[in-house]
Amino acid sequence: MKIATFNINGIKARIAALSDWLAEARPDVALLQEIKSVDEGFPREHFEDMGYRVETHGQKGFNGVAILSRLPLEDVARGLPGDDSDEQARWIEATVIGDAGAVRVCGLYLPNGNPVPGPKFDYKLAWMARMEAHARALLATEMPVVLAGDYNVIPQDEDAARPEAWRDDALARPESRAAFRRILNLGFTEAIRARTQAPGLYSFWDYQAGAWERNNGIRIDHLLLSPQAADLMQDAGIEAAVRGRDKPSDHVPVWVDLAA
DNA sequence: ATGGCTCGTCAAACGAGA
């Protein structure tokens with residue numbers, strides 16, 4: 001079961017680029033962030049015609065997450081538990097029925113948190129505390145669980161081409177990194193880092209200042225595997241070349257392949 | 001880089017992103 005995360009930066013602007021990548025990479029599950037669309041505005045039929053079931057959790061203008069799946073889905077849930085007053089569409093999860101077993105898959109769009117300090121940074125840290133509590137509950141099910149998405153966290157300095165430029169940014173602040181490690185330390189395995197410790201692996205390059213051409217990137221899109229999911233991992237990768245195509249998102253797909 | 005581009009908005013600048 002190949003599971004990918006991809007922050008597409010607007011579904012309407014990315015139909016072609018996303019469709020091309022789906023057709024060539026053929027992930028079983030694609031977790032999308034920043035669809036920037038309400039549910040009724042998502043081009044559902046286009047992706048159904050490509051063989052994908054479509055589940056969305058959208059909102060007007062910003063944020064929004066979705067699951068595309070070639071495999072059956074059960075028990076779809078929308079919204080991160082822990083704060084009924086939170087209106088932002090940043091979490092969707094479902095159970096994917098694979099040929100060799102079921103996997104609970106969560107797609108997340110973690111808040112950016114800039115500027116620091118301020119209410120947006122407070123919201124980011126509160127959101128991460130809620131995610132930690134929910135991740136603990138998911139681990140207790142003892143199912144294979146995958147937490148995949150745009151974390152807006154640069155875990156370590158080697159995950160940025162210019163770490164000094166991010167030192168005071170919400171993506172690299174010690175509080176953000178500590179909150180990320182708290183989730184990881186519940187018992188999750190980060191898919192890419194289970195495969196390689198190499199520096200220079202990025203999943204985002206800014207549209208500005210020739211960031212892609214200069215390879216001035218950061219690694220902020222991650223897949224965290226529960227112990228039961230990590231035991232099934234076959235491979236993982238980052239599709240960096242997608243950033244160099246026509247009308248690209250500023251993020252690229254990151255994926256894991258599980259024996260499930 | 002105190003923001004050089006891109007997206008969505010309900011139609012022109014502006015907020016948000018990272």
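Side chains are part of it too, since the values below use all heavy atoms of this structure and drop only hydrogens, waters and symmetry mates. In the text below, chain A, chain B and the rest are named by the order of the sequence lines, each starting its count at 1.
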| request: Could you measure between the two P atoms, the one in dC10(B) and the one in dA16(B), and give it in whole Å? | output: 14 Å

| Check ion pair Lys124(A)-Glu175(A) (N to O, under 4.0 angstrom) | no

| said: Categorize Asp250(A) for me: base, sugar-phosphate, or nothing, with a 4.0 angstrom heavy-atom threshold over every strand shown. | reply: nothing

| task | Go through residues 35-47 of chain A and report each residue with a non-hydrogen atom lying under 4.0 Å from DNA chain B, sorted by number. | result | Lys36(A)

| said: If I compare all heavy atoms of Ala194(A) with all of Met233(A), which pair ends up nearest, and what's the gap? | reply: CB-CE, 4.1 Å

| query | For atom P, what is the distance between dA13(B) and dT2(B), given to the nearest Å? | reply | 26 Å

| query | How about Glu34(A) and Asn7(A): does a side-chain donor come under 3.5 Å of a side-chain acceptor? | reply | yes

| task | Check for a donor-acceptor pair, side chain of Asp39(A) on one end and backbone N or O of Gly58(A) on the other, with a separation under 3.5 Å. | result | yes

| query | Within the pair His251(A) and dG17(B), is there a side-chain N or O less than 4.0 Å away from OP1 or OP2? | reply | no

| query | Atom CZ of Arg214(A) and atom C1' of dC5(B): how far apart are they, to the nearest Å? | reply | 14 Å

| field | Pairwise C1' distance, dC7(B) and dA11(B) [rounded to whole Å] | value | 15 Å

| query | So what does Asp150(A) touch, heavy atoms closer than 4.0 Å: a base, only the sugar-phosphate, or nothing? | reply | sugar-phosphate

| Integer angstrom distance from the C1' of dA12(B) to that of dG8(B) | 13 Å

| said: Give me each pair satisfying ring pair (Phe, Tyr, Trp, His ring centres under 6.0 Å) with a member in residues 164-194 of chain A, each pair once, sequence neighbours excluded. | reply: Tyr151(A)-Phe180(A), Phe180(A)-His222(A)

| remark: Atom CD of Gln59(A) and atom C1' of dT9(B) are separated, to the nearest Å, by 14 Å

| task | Measure the distance from NZ on Lys124(A) to C1' on dA16(B) and round it to the nearest whole Å. | result | 14 Å

| query | Counting heavy atoms not belonging to Glu87(A), are there more than 12 under 6.0 Å from its CD? | reply | no

| message | Is there a side-chain contact between Asn9(A) and the phosphate of dT6(B), meaning an N or O under 4.0 Å from OP1 or OP2? | response | no

| request: Report yes if at least one side-chain N or O of Arg14(A) is closer than 4.0 Å to OP1 or OP2 of dT6(B); otherwise report no. | output: no

| query | In whole angstrom, what separates Lys120(A)'s NZ from dG15(B)'s P? | reply | 10 Å

| Going by heavy atoms in the side chains, are Arg214(A) and Arg162(A) under 4.5 Å from each other? | no

| message | Just to verify, what does Trp255(A) make a ring pair (Phe, Tyr, Trp, His ring centres under 6.0 Å) with, not counting sequence neighbours? | response | none

| request: Whole angstrom is fine here: how far is it from CD1 in Ile220(A) over to P in dG17(B)? | output: 12 Å

| field | Contact list for DNA chain B against residues 160-179 of chain A - heavy-atom distance below 4.0 Å | value | Arg162(A), Trp166(A), Leu171(A)

| query | Do any pairs count as a side-chain hydrogen bond (donor to acceptor under 3.5 Å, both in side chains) and have a residue in residues 110-120 of chain A, sequence neighbours left out, and if so which ones? | reply | Asn112(A)-Asn114(A), Asn114(A)-Asp169(A)

| request: Can you sort out which residues in residues 108-117 of chain A have a heavy atom within less than 4.0 Å of DNA chain B? Ascending by number, please. | output: Tyr109(A), Asn112(A)

| field | Between C1' of dT9(B) and NZ of Lys12(A), the distance in whole Å | value | 11 Å

| task | Would you kindly give the CG-to-P distance between Leu18(A) and dC7(B), to the nearest whole Å? | result | 14 Å

| With clusters built from Ile, Leu, Val, Met, Phe, Trp and Tyr whose side-chain heavy atoms come within less than 4.5 Å, directly or transitively, what are the remaining members of the cluster of Phe62(A), listed by chain and number? | none

| query | Once you round it to whole Å, what is the distance between C1' of dC7(B) and CD1 of Ile11(A)? | reply | 13 Å

| So which pairs with a foot in residues 228-252 of chain A pass ring pair (Phe, Tyr, Trp, His ring centres under 6.0 Å), sequence neighbours left out? | Phe204(A)-His251(A)

| query | Excluding sequence neighbours, so at least two apart, what forms ring pair (Phe, Tyr, Trp, His ring centres under 6.0 Å) with His57(A)? | reply | none

| query | So with a 6.0 Å cut-off around CD of Glu142(A), is the heavy-atom count from everything else above 12? | reply | no

| message | Under 4.0 Å, heavy atom to any atom of DNA chain B: which of residues 198-213 of chain A qualify? | response | Phe204(A), Asp206(A), Tyr207(A), Gln208(A), Ala209(A)

| At under 4.0 Å between heavy atoms, what does Asn216(A) touch on the DNA or RNA strands: base, sugar-phosphate, or nothing? | nothing

| task | Can you sort out the partners of Arg104(A) under salt bridge (charged side-chain N to carboxylate O under 4.0 Å, His left out), two or more places apart, ordered by chain and number? | result | Glu93(A)

| request: For Phe47(A), check ring pair (Phe, Tyr, Trp, His ring centres under 6.0 Å) against everything at least two apart and list the hits. | output: Phe42(A)

| query | What nucleotide among dA18(B), dG15(B), dG17(B) has an atom nearest to a side-chain atom of Asn7(A)? | reply | dA18(B)

